[in-house]
Amino acid sequence: MNLPGIKDIELERVTQPLEQAHTLPRAAYVSEDIYTLELEQVMYKNWIPVARLEQVPEPGCYLTLDFFGQPIMVVHGTDGEVRVMSSVCLHRAAPIASGCGKRHLFTCPYHAWSYDTQGQLIRAPLMDGAADFCEKDHQLPQIRSEIWEGFVLINLDPQAPALQPQIKGLTEYFKNFRLADMRIVKTLEYDSGWNWKVLVENFMEAYHHIAIHKQTFEPTYHARDSQIPDNSGPWSILHMPGMERTGEDPTNTGGFPAIEGLTDWQTKDLFAAVIFPHFLFATHAHGAAWYQVSPVSAERLHLKIHVMVPQAYLTQDDFDADAAGELAALVHDEDIFANDTVWSGLTAPLTQQGRLSPLEKSIWQCNQWWTRQMTAGA
Ligand code: FES
Ligand SMILES: [Fe+2]
């Protein structure tokens, strides 16, 4: 099938039924050639979350980010619509904005060309002698976007199928959590020296609770009870049933009531999900966490963990955003240890593909999807 540095026999081990399947070979994680191919075959063709609507709550609000080397901005237009566009100036390519904020005009720092909130060029000073030049012919390239449950997702491929019809099963599964009604209350940031798939795989299995989260998750969410439903879409769900609680609920830092409308099992269980390639989020009865993953190279990623709670909590006098973020920080510190350990082994030349546990069905699902994407059109 011709993936650089990967033998056919290695891919065949990956695509066996779960009971016989192996992990991806080490080149899938450490090779820059594979990473370059991933950009083309995976990152530029699939839906990737770039913001939450509450991060651009009013007309004029914007945020910028680097999308695999492409400077982009998410802008709440003065017409009320949220758009995503290139933020590279149409004159000589200086990015016209950085960070986040609120404004009705984006003025390039280089020669002061100004754009409105739809990316339309409004004013280009001292261009009088340029033949047939007209501001209205210039608009920043717009990027396809979709809003799902308060998340803004983009896709660089104009031909790619729309996201929402592909994730109906997942949408139904999380419907009661009303993610759209949640708000980010805390963001934790990390720079990590691992391939992005190491993070996704660790996020999507509960097998490691028995060793890595022995004190935090395993007492309530036993690894052996975790379940991963079959599905045919570009996503995976990890369901971690919770024990009947005798002590404190580790997810309920504020002592607030559970999200209204959850079923009994949704009130005590923990859920993690991935929409491929790397839109990761987890939910429990008192909120959610969005892991915003930004791969930087084969060996590096930037991660923002956005801790989210129901909007209703924010009006409570005793709501404490720091407390809401404590569990995420604690658990991620444990996962950093796990991922560092895995990375030190994956970079070793003698490392071979390993057998998967049936408890790692999500990894298997990710790998089937990844292999299909990477070999499509080959
Ligand atoms: S590069 Fe933006 S105005 Fe010149
Ligand atoms: Fe973990």
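If you're wondering where the values come from, they're calculated on a predicted model, not measured in any experiment. Ligands are counted one by one from 1 in listed order, and the atoms in each one are counted from 1 as well.
When the N, O or S atoms of H208 are ranked by distance to the Fe ion (ligand 2), NE2 comes first. Considering just the N/O/S atoms of H111, the one nearest atom 4 (Fe) of ligand 1 carries the name ND1.
In this structure, E135 does not pair ionically with R123, as no charged nitrogen and carboxylate oxygen lie closer than 4.0 Å. E149 and K175 are not joined by a salt bridge, as no carboxylate oxygen comes within less than 4.0 angstrom of a charged side-chain nitrogen.
With respect to atom 1 (S) of ligand 1, the closest heavy atom belonging to the protein is R92 N, 3.3 Å.
At least one N, O or S atom of H91, from either the backbone or the side chain, sits less than 2.8 Å from atom 4 (Fe) of ligand 1.
Between the side chains of H22 and N367, no donor-acceptor pair is found at a separation under 3.5 Å.
For the atom pair CG (L121) and SG (C134), the distance works out to 9.0 Å, reported to the nearest 0.5 Å.
Test H306, H302, Q292 against E189 for side chain to side chain donor-acceptor pair (under 3.5 Å) and you get one pass: H302.
Applying the 4.0 Å criterion to heavy atoms of C108 picks out, from ligand 1, the atoms 1 (S), 2 (Fe), 3 (S). Residue-ligand proximity, W113 to ligand 1, at heavy-atom distances under 4.0 Å covers atoms 3 (S).
The angle that H213 NE2 and D335 OD1 make at the Fe ion (ligand 2), rounded to 10°, works out to 90°.
Using bins of under 30°, 30° to 60° and over 60° for the plane-to-plane angle, the ring pair F271/Y173 lands in the perpendicular bin.
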